[in-house]
2 protein chains.
Amino acid sequence: MSRTPPHPTREQIELPMVLDCLSDPIRLAIVYQLAQQEPVSSELCCGDFNALSGKSNLAYHFAKLRECGLMQTRVAGTNRFMRLRREDLDARFPGLLDAVITSAAKDADRLRLVSECEVVDAG
Amino acid sequence: MSRTPPHPTREQIELPMVLDCLSDPIRLAIVYQLAQQEPVSSELCCGDFNALSGKSNLAYHFAKLRECGLMQTRVAGTNRFMRLRREDLDARFPGLLDAVITSAAKDADRLRLVSECEVVDAG
DNA sequence: TTGATAGTTCAACAAACGTTGAACATAGGG
DNA sequence: CCCTATGTTCAACGTTTGTTGAACTATCAA
């Protein structure tokens, strides 16, 4: 598979694009899941999101998240590891990412941020 | 003109809809302009946004902003007065509106949040 | 080399979106 | 009453979006 894909620089990150990206339920769930995992490890790979949708649809959303500057992708063998661009986002838009994630957490069930099986596992 | 249009209740306000609404440049400019005016008077009428786009296009965006719970419209004679639903938004999504407005302010010129003539007037 | 695994790319399609202008409704002033 | 100002609604349009499945690429392990 090709090399590590292009990402915007910090200064190229645009507010409307970020908000638009976060407004899609699947992408919000991806960002939320990344944020939840952050204390443990800052990275997750594509397969960790398979519960959210099909692989090709996820690839589409990953690309959007990358293009708008929300995520960074690192290629390692046959895996791609993704992490939130927290530093860049906090620098550009202070408090925004946290506010979104906190708000999303409050509505977690309404938003189906967790996949069905995870909910079952937790219960 | 018909009666005052329907608005969602506080609990009906949904995060993805709010983010999607804010991701449009014209709507972001409307919200920003309302937020700027807040200390002075919490309301502006439709005509105050005429620099942003045509009247029918603005009516379309006003409807979106109302439907997602960002704004409230009050009918007074031939005017409609609009204000941000700050209390409701802060209750549902603490810090979100402020983070968006602060971020928008930082990029004010890049985002064309102010109309051309306002910029000229200021210069 | 063969096969399996991980993920991307492409073409297709329906649905939703933003913009326009024309028509409409309503209220207020002469 | 007529006229104007304010704002909405409607139909039309081209564009962008999200989703699908099939084809593809690349890496690793046996």
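Since we're looking at a predicted model, the values are computed, not measured. Each chain gets a letter, A, B and so on, in the order the sequences are listed, and its residues count up from 1.
- Residue pairs meeting the salt bridge (Lys or Arg N to Asp or Glu O under 4.0 Å) criterion with at least one partner in residues 88-98 of chain B, sequence neighbours excluded, are A:Asp107-B:Arg92, B:Arg10-B:Asp88, B:Arg85-B:Asp88, B:Arg86-B:Asp90, B:Arg86-B:Asp98.
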Distance-only check: which donor-acceptor pairs under 3.5 Å involve side-chain atoms of residues 52-60 of chain B, not counting sequence neighbours?
{"unit_1": "B:Ser53", "atom_1": "OG", "unit_2": "B:Asn57", "atom_2": "OD1", "d": "2.7"}

field: Dot-bracket pairing map - DNA chain C, Watson-Crick plus G-U, both contacts under 3.5 Å, | cross-strand
entry: ||||||||||||||||||||||||||||||

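- Distance from the side chain of B:Ser56 is smallest to C:dT20 among C:dT8, C:dC17, C:dT20.
- Within the structure, every side-chain polar atom (N or O) of B:Lys55 is placed at least 4.0 Å from both OP1 and OP2 of D:dT9.
- The side chain of B:Asn79 places no N or O atom within less than 4.0 Å of a non-bridging phosphate oxygen (OP1 or OP2) of C:dA27.
- With rounding to whole Å, B:Leu58 atom CG is found 14 Å from D:dT9 atom P.
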Report all side-chain donor-acceptor pairs from residues 15-24 of chain A shorter than 3.5 Å, counting only partners two or more places apart or in another chain.
{"unit_1": "A:Ser23", "atom_1": "OG", "unit_2": "A:Asp20", "atom_2": "O", "d": "2.7"}
{"unit_1": "A:Asp24", "atom_1": "OD1", "unit_2": "A:Ile26", "atom_2": "N", "d": "2.9"}
{"unit_1": "A:Asp24", "atom_1": "OD1", "unit_2": "A:Arg27", "atom_2": "N", "d": "3.1"}

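- Considering only residues two or more places apart in sequence or on other chains, A:Tyr32 meets the ring pair (Phe, Tyr, Trp, His ring centres under 6.0 Å) condition with none of them.
- Contact annotation: A:Arg66 side-chain N/O to C:dG7 OP1/OP2 distance is not under 4.0 Å.
- Distance, A:Phe81 CZ to C:dT8 P: 13 Å, rounded to whole Å.
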- request: Could you please spell out the steps behind the side chain to side chain contact (heavy atoms under 4.5 Å, CB included) verdict for A:Val100 and A:Ser103?
  value: CA-CA 5 Å; A:Val100 170; A:Ser103 302; 5.8 Å; no

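- Nearer to the 5' terminus of DNA chain C, by closest-nucleotide assignment, is the contact made by A:Thr73 (compared with the other of B:Ile26 and A:Thr73).
- Contact annotation: B:His61 side-chain N/O to C:dC17 OP1/OP2 distance is not under 4.0 Å.
- Tested against B:Glu43 for a side-chain hydrogen bond (donor to acceptor under 3.5 Å, both in side chains), the candidates B:Gln37, B:Arg74, B:Arg83, B:Gln72 yield a single pass: B:Arg74.
- Atom CE of B:Met71 and atom P of D:dG7 are 12 Å apart (whole Å).
- No hydrogens or angles were tested; on distance alone, nothing pairs the side chain of B:Thr78 with the base of D:dG7 as donor and acceptor under 3.5 Å.
- Put simply, CG on B:Asp24 is 12 Å from P on D:dT17, counting in whole angstrom units.
- Distance CZ (A:Phe49) to C1' (C:dA6): 14 Å, rounded to an integer number of Å.
- Under the rule for a salt bridge (Lys or Arg N to Asp or Glu O under 4.0 Å), the partners of B:Glu11 that lie at least two apart in sequence or sit in another chain are A:Arg110.
- The interatomic distance linking B:Leu65 (CG) with C:dG18 (C1') rounds to 13 Å, in whole Å.
- Look at OH on A:Tyr60: it is 6 Å from P on D:dT17, rounded to the nearest Å.
- Listed pair B:Arg80 / D:dT8 meets the phosphate criterion, a side-chain N or O lying under 4.0 Å from OP1 or OP2.
- One interatomic measurement links the two molecules: CZ of A:Phe62 to C1' of D:dT19, which rounds to 15 Å at whole-angstrom precision.
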